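What follows is a single structure, written as structure tokens, with notes after it.
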Amino acid sequence: MSKRPILLVVMDGIGFSETDIGDAVTMAHTPVLDKLLAECPSTRLKAHGEAVGLPGDDDMGNSEVGHNALGCGQVYSQGAKLVGEAIESGKMYAGNAWKELINNCRDSGALHFIGLLSDGNVHSNINHLFSMLREAKKSGVKNARVHILLDGRDVPATSALDYVGKLEDVLAELNDDSFDGKIASGGGRMKLTMDRYRADWAMVERGWKTHVLGDEREFGSAAEAIKTLRSENTGIIDQDLPGFVIAGNGGPAGRIIDGDSVILFNFRGDRAIEISMAFDCDEFNFFDRVRKPNVCYAGMLQYDGDLQLPARFLVNPPEIKDTLSELLVANGIRQYAVSETQKFGHVTYFWNGNRSGKISEELEIFKEIPSDRISFDLRPWMKSAEITDDLIEVIKSRKYGFIRCNFPNGDMVGHTGNLAASVIGVETVDLALARLVPVCEEYGVTLVVTADHGNADEMLEKNKKGELELRTAHSLNKVPFIIYDKKNDYRIIDGDYGLANVAPTLAKMFGLTPPASWEKAMI
């Protein structure tokens with residue numbers, strides 16, 4: 001086989017439906033993808049659960065662990081599994097960070113928890129919060145306050161009251177004369193706090209005002225807040241609910257003040273970095289914090305190792321070694337990575353094993369195309385045309401041996417719950433492939449098409465009553481892996497493969513020997 005340049009296209013959130021319910025991928029007109037699947041060597045990859053280092057096969061994959069696996073050819077304990085192991089072993093509670101947090105607030109302060117109230121295992125797991133609340137009481141903490149971010153994205157779209165009920169039950173179990181635990185504030189994850197890639201600092205500012213300053217509309221309870229805000233905003237789903245605070249004696253129940261400790265209990269990094277900067281950075285000019293309380297702050301993980309953010313964290317992240325980029329750099333192969341803001345970090349930071357910087361300034365070039373600041377169902381084509389324009393110019397330059405990109409449409413539009421818009425999003429990706437295929441053929445580039453997880457392929461689901469309801473979460477479906485190359489006769493070996501098999505396959509196509517720790521190649 002000849003060692004031709006390779007273009008890897010990641011169609012984010014595009015998988016194979018097993019239910020045919022709300023399947024925007026099949027509903028979409030995708031003649032190019034259909035032709036590639038029919039005529040080219042292809043297989044289906046597992047992109048969730050144990051195949052990407054998560055606890056079990058009921059755990060949805062996500063773009064972060066997906067790109068980790070795609071870029072390193074190995075399976076590492078990730079997210080919920082990584083944190084779960086640290087909690088179960090007691091290692092987290094024996095660590096210095098936990099002890100510092102407890103010692104700081106045990107006598108007179110409060111221990112605050114901020115995070116996504118969900119068991120979606122993508123950003124957080126509610127059971128980690130429950131464990132920490134119980135351990136905090138055992139450790140002598142007298143006051144605990146929980147600032148809840150409502151999901152409706154990695155779990156059913158309007159399931160917030162179920163999770164609030166579970167939290168209230170745990171707090172009722174723990175509360176006595178020695179311990180006072182309360183929900184202090186909340187709001188939808190796409191409305192406050194959880195911005196990523198510095199795309200919308202106003203989201204983070206709203207979270208700061210809500211959680212820290214207590215400057216938001218007051219309610220008697222979280223359940224009352226959710227019910228009222230739903231009634232006032234017809235059709236709204238959990239992720240978009242406005243911020244709220246819970247009233248205490250003469251004011252908010254849980255402002256964050258000097259002497260308190262704060263834990264951000266999300267384990268996924270992309271939507272945890274900006275709020276961590278607001279707490280952890282003295283020099284900060286992205287919005288007016290009004291006041292910065294002197295607190296002991298920690299993240300569940302260190303969300304950015306190169307920036308050392310946050311400085312204090314409860315669980316060490318996976319130490320990902322021997323990535324594909326390292327192998328290519330060692331062999332002098334120039335690389336180019338491009339996506340729009342929403343997925344730029346995935347083809348760079350996560351692809352390179354959770355490194356913010358480059359492995360080689362000389363051999364790696366990264367291009368970010370700014371995303372629109374608008375709900376993606378209103379502009380489902382996103383920046384696919386601009387990404388494609390850039391890729392075509394890069395291919396024509398003949399400067400790079402390996403080019404990778406991410407088209408976010410299937411995922412980002414799929415998360416809005418708008419089925420019609422998601423169909424357009426999927427069709428947009430197919431139009432991009434239609435433009436890329438002839439350019440790859442003309443310039444002698446092998447095109448490899450895959451995805452990091454499913455989403456748009458399953459946008460409706462049946463509830464316990466058998467009724468169809470909106471689904472905005474990732475799916476558990478397999479994703480495509482396709483090789484388009486008319487010069488080389490590639491053949492997929494029969495097998496059960498996951499995303500971690502992609503890097504070894506690409507290495508073999510380049511004629512390189514992969515590290516012994518990698519999974520096997522598919523060709």
Side-chain angles (χ1 to χ4, degrees), residues 110 112-117 123-124 145-151 153 184-218 225 229 238-246 251-266 268-304 306-313 340-342 344-345 349 356 368 370-376 412:
H112 296 263
F113 297 92
I114 302 173
L116 191 66
L117 195 70
H123 288 271
S124 69
R145 298 292 181 263
V146 187
H147 305 265
I148 59 175
L149 296 164
L150 308 177
D151 194 346
R153 192 176 178 97
S185 72
R189 59 179 280 182
M190 296 305 289
K191 196 71 174 179
L192 63 158
T193 309
M194 285 178 59
D195 182 44
R196 66 177 173 190
Y197 306 145
R198 307 188 189 190
D200 187 0
W201 277 103
M203 278 180 62
V204 190
E205 182 177 13
R206 288 192 292 269
W208 184 267
K209 288 180 176 179
T210 302
H211 312 315
V212 178
L213 306 180
D215 183 14
E216 192 48 88
R217 184 176 174 185
E218 290 188 8
L229 293 170
D238 295 341
Q239 63 180 344
D240 297 318
L241 284 169
F244 57 85
V245 299
I246 308 305
R255 287 192 182 102
I256 299 175
I257 61 175
D258 290 352
D260 289 347
S261 293
V262 181
I263 296 173
L264 182 61
F265 65 87
N266 287 4
R268 177 168 144 179
D270 59 343
R271 294 189 184 274
I273 288 175
E274 289 163 54
I275 189 65
S276 294
M277 290 173 67
F279 274 107
D280 235 23
C281 298
D282 291 329
E283 295 184 10
F284 182 90
N285 58 10
F286 298 100
F287 60 82
D288 182 4
R289 293 179 289 188
V290 182
R291 63 177 175 85
K292 179 182 178 292
N294 182 16
V295 300
C296 183
Y297 177 80
M300 183 64 86
L301 300 174
Q302 186 167 65
Y303 306 120
D304 191 317
D306 290 338
L307 297 178
Q308 296 186 335
L309 189 73
R312 187 182 292 105
F313 50 96
E340 62 177 275
T341 304
Q342 287 296 325
F344 174 70
Y349 174 82
S356 291
E368 176 183 357
S371 290
D372 294 318
R373 292 189 180 185
I374 190 172
S375 180
F376 297 116
M412 299 310 298

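Note that this is a predicted model, so its numbers are computed, not measured.
By the 30° and 60° cut-offs, the orientation of the rings of Phe286 relative to Trp201 is parallel.
Residues Lys292 and Asp282 are paired through a salt bridge, judged by an N-O separation under 4.0 Å between the basic side chain and the carboxylate.
Atom NZ of residue Lys191 and atom CG of residue Asp200 lie 9.5 Å apart, to the nearest 0.5 angstrom. Taken to the nearest 0.5 Å, the CZ atom of Arg271 stands 7.0 Å off from the CG atom of Asp195. The CG atom of Leu117 sits 9.0 Å away from the CG atom of Asp151 when rounded to the nearest 0.5 Å. Considering CG of Leu301 and CG of Leu264, their distance stands at 10.0 Å, rounded to 0.5 Å. For the atom pair CZ of Arg255 and OG1 of Thr210, the computed distance is 12.0 Å after rounding to the nearest 0.5 Å. How far CD of Glu216 is from NZ of Lys209: 9.0 Å, rounded to the nearest 0.5 Å.
Contact between Asp288 and Glu205 at its shortest, heavy atoms only, is O-OE2, 4.3 Å. Here the closest heavy-atom approach between residue Arg145 and residue Ala184 is recorded as CB-CB, 4.0 Å. The two atoms that bring Ser276 and Ala272 nearest to each other are OG-O, 2.8 Å, heavy atoms only. Of all heavy-atom pairs between Ala199 and Arg373, the closest is O-NE, 2.5 Å. In terms of heavy atoms, Pro293 sits closest to Ile257 at CB-C, 3.8 Å.
With hydrogens and angles disregarded, a donor-acceptor distance shorter than 3.5 Å links the side chain of Asp258 to the backbone of Asn294. Judged purely by atom type and a 3.5 angstrom limit, Gln302 uses its side chain to pair as donor or acceptor with the backbone of Pro310.
Within the 4.5 Å cutoff, the side chain of Arg291 has heavy atoms near those of the Val212 side chain. When side chains are defined from C-beta on, Met277 counts as touching Leu309, because their heavy atoms get closer than 4.5 Å. Taking 4.5 Å as the limit, every side-chain heavy atom of Tyr349 sits out of range of all side-chain heavy atoms of Phe344. Using a 4.5 Å heavy-atom threshold, the side chains of Leu116 and Met194 count as touching. Between Tyr297 and Ile256 there is no side-chain heavy-atom pair separated by less than 4.5 Å. Residues Leu192 and His211 have side chains in contact (heavy-atom distance under 4.5 Å, counting atoms from C-beta outward). Side-chain atoms of Ile263 and Met300, non-hydrogen and from C-beta on, never get closer than 4.5 Å to each other.
Under the side-chain hydrogen bond (donor to acceptor under 3.5 Å, both in side chains) criterion, Asp270 pairs with Arg196, Arg268, sequence neighbours left out. Under the rule for a side-chain hydrogen bond (donor to acceptor under 3.5 Å, both in side chains), the partners of Arg153 that lie at least two apart in sequence or sit in another chain are Gln239. Residues forming a side-chain hydrogen bond (donor to acceptor under 3.5 Å, both in side chains) with Ser124 (at least two apart in sequence, or on another chain): none.
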Practice problem: Please test Val290 against Trp208 for side-chain contact (heavy atoms from CB on, under 4.5 Å), starting from the C-alpha separation and ending with a verdict. | Solution: CA-CA 10 Å; Val290 182; Trp208 184 267; 5.5 Å; no

Exercise. Begin with the C-alpha distance, continue with both residues' side-chain angles, and end with the deciding distance and a verdict on side-chain contact (heavy atoms from CB on, under 4.5 Å) for Arg217 and Leu229.
Key: CA-CA 11 Å; Arg217 184 176 174 185; Leu229 293 170; 3.9 Å; yes

Quiz item: Are Arg189 and His123 close enough, and set up right, to give a side-chain contact (heavy atoms from CB on, under 4.5 Å), and what steps lead you there?
Solution: CA-CA 11 Å; Arg189 59 179 280 182; His123 288 271; 3.1 Å; yes

